Amino acid sequence: MPAAKCLMHWHPNPGVTLNSQILAEACGCAESLGGTKDGRWKTSIIFYRPMTRDGTAAGGAQQQQPNDVARELLGVALHERPGLYFSILRPQRLVLQADAAFPLVMEKLQSYKARVTLNFEGFQYQLGDFCLRIGKCVPNNSETLRGIMMEVEYYPLSSIEKSRAIMEDFFDIWQETLAKKSLPGRFIHVESNFSDYGLSDNYSFQHTAIQYATCLQQLMAAVRA
Amino acid sequence: MECVVQGIIETQHVEALEVLLQGLSGVPKERVRVHELCLKSGPNLGVVPSEVRLLCDLAQPTPSWTIRHVGGAMRGAGAEQISVLVRTIVESKASNNVLRYFYGIGYKLDHEVLKVGFAFRFQRGAQFTVTVTSANKMPKLHATDEAVAVTPGIQLVEITAPAAANNYNDVASSVTAFCEYLAPLLHLSKPGNSTGIVLTAGAAAASLMSSGGAKTL
């Protein structure tokens, strides 16, 4: 059973532009806590939009769709399980777990088209019972920074409830360490409502996919703000 | 892609076919109980109308789901000359909310069928899967326990083997050669080109059953 994880995103102070210095400082922070860098990681989120028979809606987020057509699908390819693929239907609160051939099925069906891919990528640190993955969010084939986030994994527990207190303690230490650097913003964890998606307290890869979708939503909201 | 041929056999001769397949393959048979749901895209979804099959394997203690897209048959002079159908197949395992997922993205249930029977999976020049199944329809939506045979007394036999663009001719030859062994009991041909039952199947079946089955080749 996968270990419990918690995703956080960087929320810059109002009026502050996001820059990669934050990422370097956060990595430095992980090292100052005793973390040892042990590799790179990359998770991708792919936005799918419906294609209609009259060809009008292929890219238009604002265009009217028939009621029974999803306006948007999110595909999630997690770094830790390259053989799996997740597709999230947010309005229906549904996360599908499929295998790596799923995007090919979608391609064959020609009903939804992959429009934009965002990659979350960075470095991984081992820190006792924790694993920290600190990374940036950038569009595929571009270096335009869309956000900074981190993933905290606590190896000994897979229960979200049981791991909550220790995650909060870790988060407090992390914020305290980062505060010393006087950076223009802070890391925020936004709870994903797993029960809405029919997921239990036992952590699964589907939980991670949902957390990435939530994190992305927050990053985009922060950019818009 | 895959190479595929199909044929039909009377249920009374299925036991003989099983004996023959057991002897030819040398592997134990597997139970098949698959709930197949065929979904079609809604009226305005997709560049072209599309179809996807969701297969729920009920033979396992915990049912598992597979998404299956069957592509068009290969065309052209090369395809005409071979006696098997070559088509693209894409499959993905999926979680058990896959039906709700496809409803959510605009697909509608077209029909559903319960396939019950057995299969042999073995290597013979290619990785063969031979399934012998009866198709059953449900009187009520998803009521697999109440399914009744669509064609009582007749079962479908299908041979499939995965292939690639650079070896489908070899795979097709292997499938064709294997079909020869089954010829006394049934004719196998490209899907949609049914050649009916074999009139001498009764005698061949009787012979097989009396001789105690074929030996592993």
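Naming: A, B, ... by sequence-line order, numbering from 1 per chain. FYI, side chains are in, hydrogens and waters are out, and symmetry mates aren't considered; it's all heavy atoms of this structure. Predicted model only: the values in this text are computed from it and were never measured.
Between the OG atom of B/Ser95 and the CZ atom of A/Phe205 there is a distance of 13.5 Å, given to the nearest 0.5 Å.
Within a 6.0 Å radius of CZ in A/Arg186, other residues, nucleotides and ligands contribute 12 heavy atoms or fewer. The environment of B/Glu15 atom CD is sparse: at most 12 non-hydrogen atoms of other residues, nucleotides or ligands sit within 6.0 angstrom. The environment of NZ in A/Lys108 is sparse: at most 12 heavy-atom neighbours from other residues, nucleotides or ligands sit within 6.0 Å.
Screening residues 98-121 of chain B for side chain to side chain donor-acceptor pair (under 3.5 Å), with sequence neighbours left out, gives A/Asp68-B/Lys108, A/Ser87-B/Tyr101, A/Ser111-B/Tyr107, B/Glu30-B/Arg121, B/His35-B/Glu112, B/Glu36-B/Lys115, B/Ser50-B/Tyr107, B/Glu112-B/His142.
Counting heavy atoms from C-beta outward, A/Leu89 and B/Ile105 have side chains that approach closer than 4.5 Å. Proximity of A/Leu109 to B/Ser41: side-chain heavy atoms (C-beta onward) are nowhere separated by under 4.5 Å.
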Atom pairs and distances, donor-acceptor, side-chain atoms in residues 156-170 of chain B, under 3.5 Å, two or more places apart:
unit_1, atom_1, unit_2, atom_2, d
B/Glu158, OE2, B/Gln6, NE2, 2.6
B/Asn167, OD1, B/Ala164, N, 2.6

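For A/Tyr112, the part lying under 4.5 angstrom from a heavy atom of chain B is the side chain only. Heavy-atom distances place no part of A/Glu107 under 4.5 Å from chain B, backbone and side chain included.
Interface with chain B: from residues 91-105 of chain A, residues A/Gln92, A/Arg93, A/Leu94, A/Val95, A/Leu96, A/Gln97, A/Ala98, A/Asp99, A/Ala101, A/Phe102, A/Leu104, A/Val105 qualify, criterion being any non-hydrogen pair under 4.5 Å. Residues of residues 56-87 of chain B that come within less than 4.5 angstrom of chain A, heavy atom to heavy atom, are B/Ile67, B/His69 in numerical order.
Interface summary for chain A: among B/Asn96, B/Val52, B/Val48, B/Thr88, the most heavy-atom pairs under 4.5 angstrom belong to B/Val48.
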